[in-house]
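Below: the structure, in structure tokens.
Just so you know, residue 1 is the first one in the sequence shown, and it goes up from there. No experiment lies behind these values; they were computed from the predicted model shown.
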Amino acid sequence: MNEIYYAHSIWKYDTEIEKYEIELIQKAFPNSKLINPNGDIPHGSEDESKIMDDCFAVVSKCDSLVFSSLSGVIGKGVHDEIQQAFIQRKPVYYLNEHGLKLIDLHDIDFIETGEKSQRIYAIVRISQ
């Protein structure tokens, strides 16, 4: 069974937005298993670098990655998960208000925001 990693901000965890995005992904890939780091990867009391290592290991095992942003902005964790998928030549899809778009490394620019926050890291710009 095809496995898809769902990279998204922890600000979306356990929200109606997360539920909605999961439904969209499942409709687009009905015969796939969705791996959601919110619930499928333990977060417990681990430090963030350990959690991200676990996320990267799961990304490596998945067949593709779908990511979403918050109004075009992603955090460092989502950025690094996307980069991991590109390095491993996995299909990467961007989920935004227009639906799912298959992208490659040449379609996407990450404009660093200059913020010191891990949660606000880069603006996603997709070429048309």
Test item: Asn36 and His8 side chains (from C-beta on) under 4.5 Å apart, heavy atoms: yes

Residues that Thr15 engages under side-chain hydrogen bond (donor to acceptor under 3.5 Å, both in side chains), provided they are two or more places apart: none

Please determine, by modelled atom types, if Ser69 and Tyr94 share a side-chain donor-acceptor pair under 3.5 angstrom. yes

Taking CG in Leu100 as the centre, count heavy atoms belonging to other residues, nucleotides or ligands within less than 6.0 Å. Is the count above 12? yes

Minimum heavy-atom distance between Ala85 and Val92, given as atom pair plus value: CB-CG2, 3.7 Å

Closest approach of Glu81 and Leu65, non-hydrogen atoms and distance? O-CD1, 3.7 Å

Report the C-alpha separation of Leu95 and Leu24 in whole Å, then their side-chain angles, then the decisive distance to 0.1 Å, and conclude whether the side chain to side chain contact (heavy atoms under 4.5 Å, CB included) test is met. CA-CA 9 Å; Leu95 174 61; Leu24 289 177; 4.0 Å; yes

List the atom of Ile74, the atom of Ser68, and the distance in Å for their closest heavy-atom pair. CG2-O, 3.8 Å

Quick one: list whatever passes side-chain contact (heavy atoms from CB on, under 4.5 Å) with Leu102, sequence neighbours left out. Pro91, Tyr93

We want to know whether Asn38 and Asp14 form a side-chain donor-acceptor pair, criterion being a heavy-atom distance below 3.5 angstrom. yes

Distance check, rounded to the nearest 0.5 Å: Gln88 atom CD versus Cys62 atom SG? 10.0 Å

So, using side-chain contact (heavy atoms from CB on, under 4.5 Å) as the criterion, who are the partners of Gln83 when residues are at least two apart? His79, Phe86, Leu105, Phe110

Could you report the tightest heavy-atom contact between Leu34 and Asp40, atom names first, then the distance? O-OD2, 3.7 Å

Identify whether Val78 and Val59 are in the same connected component of the hydrophobic contact network (ILVMFWY, side-chain heavy atoms under 4.5 Å). yes

Could you give me the CA-CA distance, side-chain angles and deciding distance for Phe67 and Asn96, then say whether side chain to side chain contact (heavy atoms under 4.5 Å, CB included) is met? CA-CA 9 Å; Phe67 76 97; Asn96 62 19; over 6 Å; no

Steps toward side chain to side chain contact (heavy atoms under 4.5 Å, CB included) verdict (Ile4, Asp63): CA-CA 6 Å; Ile4 300 170; Asp63 300 292; over 6 Å; no

For Asp53, all residues meeting side-chain contact (heavy atoms from CB on, under 4.5 Å), sequence neighbours excluded: Phe56

Kindly work out whether a path of hydrophobic side-chain contacts (I/L/V/M/F/W/Y, heavy atoms less than 4.5 Å apart) joins Ile103 to Ile82. yes

Side-chain donor/acceptor of Lys90 to backbone N/O of Gln84, under 3.5 Å: no

List the residues meeting side-chain contact (heavy atoms from CB on, under 4.5 Å) with Ile41, not counting sequence neighbours, and say none if there are none. Tyr5, Pro37, His43, Asp54, Cys55, Val58

Are Ile25 and Tyr6 side-chain neighbours, meaning at least one heavy-atom pair lies under 4.5 Å? yes

Inter- and intrachain pairs under salt bridge (charged side-chain N to carboxylate O under 4.0 Å, His left out), touching residues 21-31, at least two apart: Lys12-Glu21

May I ask you to check whether Ser32 and Glu3 show a side-chain donor-acceptor distance below 3.5 Å? no

Has Tyr20 got more than 12 heavy atoms of other residues, nucleotides or ligands less than 6.0 Å from its OH? no

Are Met52 and Ile10 grouped together when hydrophobic residues (ILVMFWY) are joined by side-chain heavy atoms under 4.5 angstrom apart? no

